[in-house]
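A note on names: the letters A, B, ... follow the listed sequences, proteins ahead of strands, and every chain is numbered from 1.
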Amino acid sequence: MSERKILSHEFYKHNTLKVAKELLGKYLVRKVGRKKIIGQIIETEAYCGPKDLACHGSRGRTPRTEALFGQAGQWYVYFIYGMYYCLNVVTEKKDYPSAALIRAVKPIYGINGSEKTDGPGKLCRTFKIDKKLNNSSACSSFSSPLRRGRLGGGLLWIEDWGEKIKPSQIKKTPRIGVDYAKEYKNKPWRFILKFRI
DNA sequence: TTATCGATGGTA
DNA sequence: ACCATCGATAAA
């Protein structure tokens, strides 16, 4: 049995396409109160900097996208379509707007059968992710502010459980919902983990 | 099965 | 007006 390691800043600061692919098979861990929710990441998308017209950062720095311009390894959570949140983890250099969108996980622990995890909005609903997590760190399980005189547990992070994913297990497709992105709309920057080849 | 459409509200 | 979505409904 392999050790479970929290992914570090080092993991996230590389090329966004690489990070988005390497996130497949890792484990998204959410702590809410004393309960844990865990899902294995099976679908991601890469948003690759200021030139990528699908990336929120391509329209410049705004209050909403501030976290996207921050340090690798922090969460970028935004509100969309009036009722959903989307979860991204920031990649590459500070001030370079790039991130990996986590689109789907496979339920592993603490998830009711009726709760869906197969879409960015549904995943955030099930994992109780909203803007309160925006700009917080994904690199520690002890990153939250002091509460009642002691460290609160971390709230949301990603673990490597030592599984190796082969390139042949990764399906690539264009990203969802970015028809407006001109020459970037058909870039195969959506990555899906296949369990059957 | 695929296609279409309304809900809903922050953002620029 | 637009939107990195979802779920219901209709059509086929």
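Atom-to-atom, CZ of A:Arg64 to C1' of C:dC3 comes out at 8 Å; the value is rounded to the nearest Å. Taking atom CG on A:Leu123 and atom P on C:dC6, their separation rounds to 9 Å, with Å as the unit. Atom-to-atom, CZ of A:Arg103 to C1' of C:dA4 comes out at 7 Å; the value is rounded to the nearest Å. A:Ile80 places its CD1 atom 9 Å from the C1' atom of B:dT11, with the value rounded to the nearest Å. A straight line from NZ of A:Lys116 to C1' of C:dC6 spans 12 Å, rounded to a whole angstrom. Counting to the nearest Å, the P atom of B:dT11 and the OH atom of A:Tyr84 are 18 Å from each other. Atom OH of A:Tyr81 and atom C1' of B:dG9 are 13 Å apart (whole Å). At whole-Å resolution of the value, CH2 in A:Trp189 and P in C:dA4 are 16 Å apart.
You cannot call A:Tyr78 stacked on the base of C:dA4; the centres under 5.5 Å and planes under 30° rule is not satisfied.
Backbone-only engagement by A:Arg125 is indicated by non-hydrogen atom pairs under 4.0 Å involving sugar-phosphate atoms exclusively. Backbone-only engagement by A:Ile176 is indicated by non-hydrogen atom pairs under 4.0 Å involving sugar-phosphate atoms exclusively.
When both distances must be under 3.5 Å, the Watson-Crick or G-U wobble mate of C:dA4 does not exist. Base pairing of B:dT8: no nucleotide in any strand meets the Watson-Crick or G-U wobble criterion (both distances under 3.5 Å).
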Do A:Ser136 and A:Gln74 pass the side-chain hydrogen bond (donor to acceptor under 3.5 Å, both in side chains) test, and can you show the C-alpha distance, the side-chain angles, and the key distance before you say yes or no? CA-CA 5 Å; A:Ser136 68; A:Gln74 65 182 21; over 6 Å; no

Working note: A:Glu159 + A:Lys5, criterion salt bridge (charged side-chain N to carboxylate O under 4.0 Å, His left out); need CA distance, chi angles, decisive distance, verdict. CA-CA 5 Å; A:Glu159 295 178 3; A:Lys5 290 202 185 90; over 6 Å; no

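A cation-pi contact, defined as under 6.0 Å to the ring centre and within 45° of the axis, links A:Lys106 to A:Phe195.
Both A:Thr62 and A:Gly82 sit near DNA chain B, but only A:Gly82 has its closest nucleotide nearer the 5' end.
Ring geometry for A:Tyr76 versus A:His56: interplanar angle over 60°, hence perpendicular rather than tilted (30 to 60°).
When distances are taken from the side chain of A:Met83 to each of B:dA7, C:dG7, C:dT5, the shortest belongs to B:dA7.
For C:dA4, the OP1/OP2 oxygens have a side-chain nitrogen or oxygen of A:Tyr180 closer than 4.0 Å. Listed pair A:Lys131 / B:dT11 meets the phosphate criterion, a side-chain N or O lying under 4.0 Å from OP1 or OP2.
One finds the NZ atom of A:Lys26 at 11.5 Å from the CD1 atom of A:Ile102 (value rounded to the nearest 0.5 Å).
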